[in-house]
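A quick write-up on the structure given underneath.
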There are 2 protein chains.
Amino acid sequence: MLEPIISTVDIVLLIIQEDRLCVTLSKRDKEPYANQEALPGGYIHAQDDRDCLDAAVRILQQKTGLLPPYLEQLKTFAGAARDPRGWSISVVYFALVDADLILSANHPGLTICAVDALRRLPFDHNDIIAAAVERIRNKSQYSSLPCYLAGETFSLPRLQKMYEACLGETLNKVSFRRKMEELGVLETVEGQTETAGAHRPAQLYRLKSEFKNQLKLLVRGL
Amino acid sequence: MLEPIISTVDIVLLIIQEDRLCVTLSKRDKEPYANQEALPGGYIHAQDDRDCLDAAVRILQQKTGLLPPYLEQLKTFAGAARDPRGWSISVVYFALVDADLILSANHPGLTICAVDALRRLPFDHNDIIAAAVERIRNKSQYSSLPCYLAGETFSLPRLQKMYEACLGETLNKVSFRRKMEELGVLETVEGQTETAGAHRPAQLYRLKSEFKNQLKLLVRGL
DNA sequence: TCAATAGTGTCTGTCAGACAATATCGG
DNA sequence: CCGATATTGTCTGACAGACACTATTGA
């Protein structure tokens, strides 16, 4: 007969804080690795969850109290060595959200850590986060993905900072604006500007409603 | 307690035949859907397989008799509705291989079908194949992926046909050659040419050994 | 010599990035 | 008015695609 296999969902919830890409960690309440910080995750409940995305949404709600505007399956990590309890499968999702939403929700047990300053985490969670960072880096080059990190409304300079934090490099301002225009996922919030000091205020934008849950791709990257 | 979850690996083995993207199907030897054609797949053996990739290689060997030069995790399909036996997880890999290798191996129970002419398949295998096709289309735009469909040595015109079949569109010959040069994954097989009729023979190329198992990406796509 | 495909050289419109000018705020 | 950042206009080098020319084979 087949051995039972532990089936879980883990989530890499990414945000931008102080222009750096950060991951949200949750204090584990059970063994193994109780009280240590790790990716939010949990068992798949075959009775309750219709599919993996269902499970991801449920777990995200339980562990962070919010439902991010972007959620996508990343990759599945499985094997005999990654969990001390034995052979396990973890279907990993990655989620993006505006950092302010996490801070204002103030859910207990959460910590935020820059992805390039992580300590050693339980299981293979360092590998998982590395895979998520690679994915977001890739997709940020040719899609509207980082828009989900910027909140409901945002200025183009702020959005450019999101892209730059994802990509880990500065971008040409003129090209960036041209590309955002080309993407066509943004609309201006008429009459709304962002004042941030002794200088000209920036026009605010938001995602067009038809792109609220749909990535748009560029023919040629940024 | 947690319900047991069926854990399997399925494989989308893609080839190019007559300039069309095709998938390799295997006749199922067990219920459910016994004797029907479906994606080659099987249970994860927690005792034998160290991880999912291990399981994929084993299953591919059992069902097709070969080890393709390219194998990558595609996505995980899971849920209550996809398998009549109940909640199941299928970690899906996609593989690429030269069509001639499949034909010469002549493994029993295999059939080849163009991806745009598939009948209704068991489980959610139509969805899975659609996801694989989308992935290969995407990656073919900016990587050396289709090289794995062309065999050990091949001419540039033949490789261009591989790219065109993957992308579903014809490409500019001059640009294609420039891009292959830019990719830098190919080397000429000195003195070897491909004669294919009453015209100038084509120079043969092969993947440089350092790229035998590693994709190379273009800064800007084709 | 012809038909057919391989392979190469050149031109041109398009586009990314550089540069710079203008706009609008607080002080 | 000044410093600072937003926003827009223009120029230029690089490159993708179009076109056309040369190369090499079988018949």
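Proteins come first, then strands; the chains are lettered A, B, ... in the order of their sequence lines, and each starts at number 1.
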Distances for protein N or O near nucleotides 7-9 of chain D N or O, under 3.5 Å:
residue: dT7(D); atom: OP1; partner: Q203(A); partner atom: N; Å: 2.5
residue: dT7(D); atom: OP2; partner: R177(A); partner atom: NH2; Å: 2.5
residue: dT7(D); atom: O4; partner: K173(A); partner atom: NZ; Å: 2.7

For this session: Kindly write out the residues that satisfy side chain to side chain contact (heavy atoms under 4.5 Å, CB included) with L53(A), not counting sequence neighbours, or none if the list is empty.
Result: D51(A), L71(A), Y93(A)
Exercise. Which pairs count as ring-ring contact (aromatic ring centres under 6.0 Å, His included) when at least one residue sits in residues 110-135 of chain A, sequence neighbours excluded?
Worked result: Y33(A)-F123(A), F123(A)-H125(A)
Which pairs of donor and acceptor atoms, one on a side chain in residues 199-207 of chain B, lie under 3.5 Å apart (sequence neighbours left out)?
residue: H199(B); atom: NE2; partner: A196(B); partner atom: O; Å: 2.9
residue: Q203(B); atom: NE2; partner: V189(B); partner atom: O; Å: 2.9
residue: Q203(B); atom: NE2; partner: Q192(B); partner atom: O; Å: 3.4
residue: R206(B); atom: NE; partner: E187(B); partner atom: OE2; Å: 2.8

Exercise. In chain order, what residues pass the salt bridge (charged side-chain N to carboxylate O under 4.0 Å, His left out) check against R137(A), with sequence neighbours excluded?
Worked result: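 Not a single residue meets the salt bridge (charged side-chain N to carboxylate O under 4.0 Å, His left out) criterion with R137(A).
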How long is the line joining [atom1] of [X] and [atom2] of [N], in whole Å?
| X | N | atom1 | atom2 | answer |
| --- | --- | --- | --- | --- |
| N172(B) | dT10(C) | CG | P | 17 Å |
| M180(B) | dA16(D) | CE | P | 12 Å |
| K179(B) | dA16(D) | NZ | P | 4 Å |
| L171(B) | dC15(D) | CG | C1' | 16 Å |
| E181(A) | dA6(D) | CD | C1' | 16 Å |

Problem set entry | Residue pairs fulfilling side-chain hydrogen bond (donor to acceptor under 3.5 Å, both in side chains) with at least one residue in residues 65-76 of chain A, sequence neighbours excluded | Y70(A)-E72(A), E72(A)-R135(A), E72(A)-K139(A), T76(A)-T76(B)
Problem set entry | Between R28(A) and N35(A): side-chain donor-acceptor atoms closer than 3.5 Å | no
Problem set entry | Short side-chain N/O contact from S175(A) to OP1 or OP2 of dG17(C), under 4.0 Å | yes
